[in-house]
Amino acid sequence: MVKILEFDNFSKTFNGREVVKNLSFSVQQGRIVGLLGKNGAGKSTSLRGALGLIRPTSGHARILGGSFAELGIQARRVGVSIEGVGHTPDATVARDLRVCTQLLGLPASRRDEVLDLTGLDHARNLPVKKLSTGMRQRHSLAVAMLANPDVLILDEPTNGLDPEGIHWLRTFLRMRANEGSTVLLSSHMLAEVEQTVDDVVILQQTLRYSGSLHDLTAGGRRRLEECFFELVPPTDSSLPEAAKNA
Amino acid sequence: MLNGIASEMTKLRTGHTFLAFMIAGTVFVVVASWGILTSAHEAAAGTALDAVWATTEVIRGWFALSLVIAMFGAYFVARDFAQGTAARSIVMGGGRRAYVISKLASGAVIGAIGAGIGAALSLPSAWLLLLTESLSPSVDHTGWMVLLGCAVVNFAAGIWGVCLGLLVRNTIASLVTVFGLCLVVEPGVQAIAPAAGRLLMTNAMGSLYLDPRSGLLEVPQASIAVLGWLLVLGIGGYLVTLKKDLT
């Protein structure tokens, strides 16, 4: 199997606080991988590290065989929808996507194709700042899909999507994976992830698990949530009083 | 890299902010020049103003557009960092180096458009404002040199603003930086330590539009100072963009 994405002892420290420590895992081609962790576990930091937006304190993150910064024109093989990779709020959806097609050197017609693909055609003349959370999520996916990438890196892609949107996204990601694309998505929604991914990476500053969902859940006999909390126990303060007494 | 420049041009062309800045700058320049002529009229105590002098002063007033151009240049970059579109351009456009180059190219275009607006409106504004003094505009060799100097300064201001935006990366702070440098810091240093102050960007720019203030550099030395600042700040902006995390 071809390694599309690889973290090798990746560590990142912000202002003396080690957010990610010695993270090592790889993502194989054609797999949908869920990156799971609690708030502040280092998921977004890891995704940013993979994209070269932050530099590791030590270790490496490699994508398509090299650092993201070295990819050059090959960077278009990676579609990204993560927090902090933003959009122009005052621009209309169509104008914002036009800026992106130019950035990628694509014909303007590609914009119309992704608007159609993501069900945003009716909103093309709306300013990005007026989109609902779900529509903004679709807009981010439209941007990520512009270059028809081989790799998708998505941060909380189901946030704000309605059940129909979640179903569409799940089907869409599976279709992409079947065509050989690779997807790395971070999420808090364990039940949703359980229905979508092939492999799971669980992170809580350090790596807690990396492998197939099937192995982790003993072939589906255990729930992902149960396995997750075994690896990342809930802190007392996160539990309501009634739950602690139960 | 050319794709990055094309996308920046689309942002510039289809947004309304640049137009708003230029309109505000034009109003600012015309009002300031009108103020200069009114003060001169009062100081002349009934004597008619010299048409050549008045025309040159109105033309020179267009240097003030450089403040607005530099502010827009800084805003054009810093806004990207605030919105996360800098990260998007870096991820989609092939890296940080391509991003910096496309932004510097945008700065040159912003400066060129500003310089063009200033040069095109210099004589019509002189004609309009001199009408209030019942004079006709008259441009001598110095007037043409001032017009050329203002155009060069306005062009350089676009790149200067972009460089400051790359260094500061915060929308409000970058606007305050440009404003503070132009109106407080550099005039202040010039007043306190003229030998050092004349080497600063806006004071060196003053030499180019033949500012009658004393103690400024000669035009050739001032040109080198302006180029030097653009080079130093451009390299600084590049290194900061290259090294700093995008969180």
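- Both the backbone and the side chain of A:Val143 come within less than 4.5 Å of a heavy atom in chain B.
- When heavy atoms are compared at a cutoff of 4.5 Å, A:Val99 approaches chain B by way of both its backbone and its side chain.
- B:Leu246 places none of its side-chain heavy atoms less than 4.5 Å from the side chain of A:Ile54.
- For the pair B:Gln83 and A:His87, the minimum side-chain heavy-atom distance is 4.5 Å or more.
- For chain B, no part of A:Lys129 is nearby; none of its heavy atoms comes within less than 4.5 Å.
- Between the side chain of B:Arg96 and the backbone N or O of A:Leu53 there is at least one donor-acceptor pair closer than 3.5 Å.
- Summarising the local packing, CG of B:Leu183 is surrounded by more than 12 heavy atoms from other residues, nucleotides or ligands at distances under 6.0 Å.
- Between the CD atom in A:Gln102 and the CG atom in B:Asn3 there is a gap of 8.5 Å [rounded to 0.5 Å].
- Interface residue A:Leu103: backbone and side-chain heavy atoms are both found under 4.5 Å from chain B.
- In the displayed structure, B:Trp34 atom CH2 is contacted under 6.0 Å by at most 12 heavy atoms of other residues, nucleotides or ligands.
- Heavy atoms of other residues, nucleotides or ligands lying less than 6.0 angstrom from CZ of B:Arg97 number 12 at most.
- In plain terms, the two heavy atoms of A:Cys100 and B:Met92 that are nearest each other are CB-CE, 3.8 Å.
- Using a 4.0 Å cut-off between charged nitrogen and carboxylate oxygen, A:Asp90 and B:Lys11 do not count as a salt-bridge pair.
- B:Arg88 has its side chain within reach of A:Val85: a pair of non-hydrogen atoms, C-beta onward, lies under 4.5 Å apart.
- Heavy-atom neighbours of A:Glu83 CD from other residues, nucleotides or ligands within 6.0 Å: at or below the threshold of 12.
- Taking A:Leu51, A:Thr88, A:Leu71, A:Val80 one by one and counting their heavy-atom pairs under 4.5 Å with chain B, the maximum is reached by A:Thr88.
- Of the listed residues (A:Ala69, A:Gly86, A:Gly52), the one with the most heavy-atom contacts under 4.5 Å to chain B is A:Gly86.
- Of the atoms belonging to A:Arg95, it is side-chain heavy atoms, and not backbone ones, that fall under 4.5 Å from chain B.
- The 12-atom threshold is not exceeded at CG of B:Leu2, counting heavy atoms of other residues, nucleotides or ligands nearer than 6.0 Å.
- No more than 12 heavy-atom neighbours from other residues, nucleotides or ligands sit within 6.0 angstrom of CZ on B:Phe179.
- Here B:Asp245 pairs with A:Lys12 in a salt bridge; the nearest charged N to carboxylate O distance falls below 4.0 Å.
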